[in-house]
There are 2 protein chains.
Amino acid sequence: MMSATIRAATPADVGAMLALMRELAEFEKLTHLFIATEEGVHDALFGARPSAEALVADRDGKIIGYALFFHNYSTFLGRRGLYLEDLYVQPAERGTGLGSTMLRHLAALAVERQCGRFEWSVLDWNQTAIDFYQKMGATVLPDWRIVRVTGDALEQLASSAG
Amino acid sequence: MMSATIRAATPADVGAMLALMRELAEFEKLTHLFIATEEGVHDALFGARPSAEALVADRDGKIIGYALFFHNYSTFLGRRGLYLEDLYVQPAERGTGLGSTMLRHLAALAVERQCGRFEWSVLDWNQTAIDFYQKMGATVLPDWRIVRVTGDALEQLASSAG
């Protein structure tokens, strides 16, 4: 099996990436929340005001994995960080170190860009992923929880602004 | 007591904001992690490539609270979101609805900018905050955990990139 190349995504990768994003939503049992479109992803990565960046794992022209990330900011550190929104490798391609290679690439990018932290999220039942991240030197924060307002609740909160 | 005005932060607010950031770190028992400087905050908010934006609560020229936020991105929604990094109101100024007013302002901004989500984090022992957020329509995600690589572990992971 040829090894894959990790490279920055290009506009030509958007269709393949969207298919992998949908696979990831299936794995996370969250397809009911998946409403991304090719136009939306294209715009986010390559539009006039990009919201995110991506790496792809390319094996002989086939995209078999991707990492999508953006910068966050920590007031405590007074510096931006690198936040990994998605890391996905197709099931049949796992076990060859691709996920780990992408994480190392991103860590190097974070250091190069003088980020104080490299962060992402994990579902607390995904022990395989947790073990994998911890082996790489990552810490799973035990006490922080994500708070979210979306959909109708967001509209309602917004409309109550003075 | 005069009521406070919520407005976008300006470069003249940076010193007062940094003092409040330090107070927040004290409240969260995280001062050992607090290394932000006035220059760093200025650069993040008003530099050539801003990483974040801020609102301040200004009562007659005194900054008594602030909210610092940036955009994140959800591949599931195919849209950016608004992420609130810090929300702080000085203890003596609480109970007058300032925190809630800032959250409503940010929700309105999120809707105006067509964000799919408005998110932030909370410490799981901070029940007062959790109750307050839930009353406003927010959901605390039970199963997501934040994973972090920082300091020496980040340098080490970066240096192992091929």
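Proteins come first, then strands; the chains are lettered A, B, ... in the order of their sequence lines, and each starts at number 1. Just so it is clear, the model here is predicted, and its values are computed rather than measured.
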Asks: Give me the contact list for residues 129-137 of chain A versus chain B, heavy atoms only, anything under 4.5 Å, ordered by residue number.
Replies: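 Residues A/Y133, A/M136, A/G137 are the ones that qualify, each having a heavy atom under 4.5 Å from chain B.
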Asks: Under a 4.5 Å cutoff for heavy-atom pairs, which residue among B/T150, B/V140, B/L154 has the most contacts with chain A?
Replies: B/L154
Asks: Using non-hydrogen atoms and a limit below 4.5 Å, what part of residues 8-27 of chain B faces chain A?
Replies: B/M21, B/A25
Asks: At a 4.5 Å cut-off on heavy atoms, which part of A/L68 comes close to chain B: side chain, backbone, both, or neither?
Replies: side chain
Asks: Could you state whether B/L87 and B/Y66 fall into the same hydrophobic cluster, counting links through intermediate Ile, Leu, Val, Met, Phe, Trp or Tyr residues with side-chain heavy atoms under 4.5 angstrom apart?
Replies: no
Asks: Locate the shortest heavy-atom distance separating B/C115 from B/H71; write the atom from each residue and the value.
Replies: SG-CE1, 3.6 Å
Asks: Say whether B/Y88 and B/L109 are linked into one hydrophobic cluster, either directly or through other cluster members, by side-chain heavy-atom distances under 4.5 angstrom.
Replies: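 Hydrophobic grouping puts B/Y88 apart from B/L109.
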Asks: Taking all heavy atoms of A/A4 and all of A/I64, pick out the closest pair and write down the distance.
Replies: CB-CD1, 4.0 Å
Asks: Does any heavy atom of chain B fall under 4.5 Å from the side chain of A/N72, the backbone, both, or neither of them?
Replies: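 Both parts, backbone and side chain.
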Asks: How many angstroms lie between CD in B/E93 and CD1 in B/I63, if you round to the nearest 0.5 Å?
Replies: 11.5 Å
Asks: Any non-hydrogen side-chain atom of B/I6 less than 4.5 Å from a side-chain atom of B/L98?
Replies: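 A side-chain contact under 4.5 Å exists here.
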Asks: Could you tell me if the side chain of B/L123 sits less than 4.5 Å from the side chain of A/W144, heavy atoms only?
Replies: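 Yes, their side chains come closer than 4.5 Å.
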Asks: Only distances under 3.5 Å count here; give the side-chain donor-acceptor pairs of residues 29-51 of chain B to other protein atoms, sequence neighbours excluded, each with its distance to 0.1 Å.
Replies:
{"residue": "B/T37", "atom": "OG1", "partner": "B/G40", "partner atom": "N", "Å": "3.0"}

Asks: Report the option among A/R148, A/R104, A/H105 that has the most heavy-atom pairs separated by less than 4.5 Å from atoms of chain B.
Replies: A/R148
Asks: Could you have a look at B/D152, B/T75, B/V111, B/N126 and say which one has the most heavy-atom pairs with chain A under 4.5 angstrom?
Replies: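 Option with the greatest count: B/T75.
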Asks: Quick one: of B/W125, B/F69, B/F118, who has the most non-hydrogen atom pairs under 4.5 Å with chain A?
Replies: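 Most pairs with chain A among the choices: B/F118.
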Asks: Based on non-hydrogen pairs under 4.5 Å, which of B/S100, B/A110, B/G116 is most in contact with chain A?
Replies: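 Of the options given, most contacts go to B/G116.
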Asks: Using only non-hydrogen atoms and a strict under-4.5 angstrom cutoff, which residues of residues 77-85 of chain A touch chain B?
Replies: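 Contacts with chain B: A/L77, A/G78, A/R80, A/E85.
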Asks: Please check if the number of heavy atoms outside A/Q127 that lie under 6.0 Å from its CD is greater than 12.
Replies: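 Yes, the 6.0 Å shell around CD holds more than 12 heavy atoms from other groups.
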Asks: Checking A/Y73 against chain B: side chain, backbone, both or neither under 4.5 Å from a heavy atom?
Replies: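 Contact with chain B is through both the backbone and side chain of A/Y73.
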Asks: Shorter than 4.5 Å, heavy atoms on both sides: which option in B/V149, B/L157, B/V147 has the most such pairs with chain A?
Replies: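 With the most close heavy-atom pairs to chain A, the winner is B/V147.
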Asks: Heavy-atom distance under 4.5 Å to chain A: side chain of B/F70, backbone, both or neither?
Replies: side chain
Asks: I need the B/D86 CG to A/S74 OG distance, nearest 0.5 Å.
Replies: 8.0 Å
Asks: Is A/V122 reachable from A/L103 through a run of I, L, V, M, F, W or Y residues, each pair having side-chain heavy atoms under 4.5 Å apart?
Replies: yes
Asks: Flag the one option from B/A153, B/S159, B/P142, B/A107 with the top tally of heavy-atom pairs under 4.5 Å to chain A.
Replies: B/A107
Asks: Side chain, backbone, both or neither: which part of A/T101 has an atom under 4.5 Å from a heavy atom of chain B?
Replies: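 For A/T101, neither part sits under 4.5 Å from chain B.
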Asks: Measuring from A/I146:CD1 to B/T139:OG1, what's the distance to the nearest 0.5 Å?
Replies: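 Here the interatomic distance stands at 12.5 Å.
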Asks: When you look at B/V56 and B/R7, which way does the side-chain contact (heavy atoms from CB on, under 4.5 Å) test go after all the steps?
Replies: CA-CA 6 Å; B/V56 291; B/R7 59 167 177 78; 3.5 Å; yes
Asks: Under 4.5 Å heavy-atom distance to chain A, tell me which part of B/A52 shows up: side chain, backbone, both or neither.
Replies: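 Answer is side chain: those atoms of B/A52 sit under 4.5 Å from chain A.
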Asks: Just verifying a value: how many Å separate B/M102 CE and B/L55 CG, rounded to the nearest 0.5 Å?
Replies: 7.5 Å
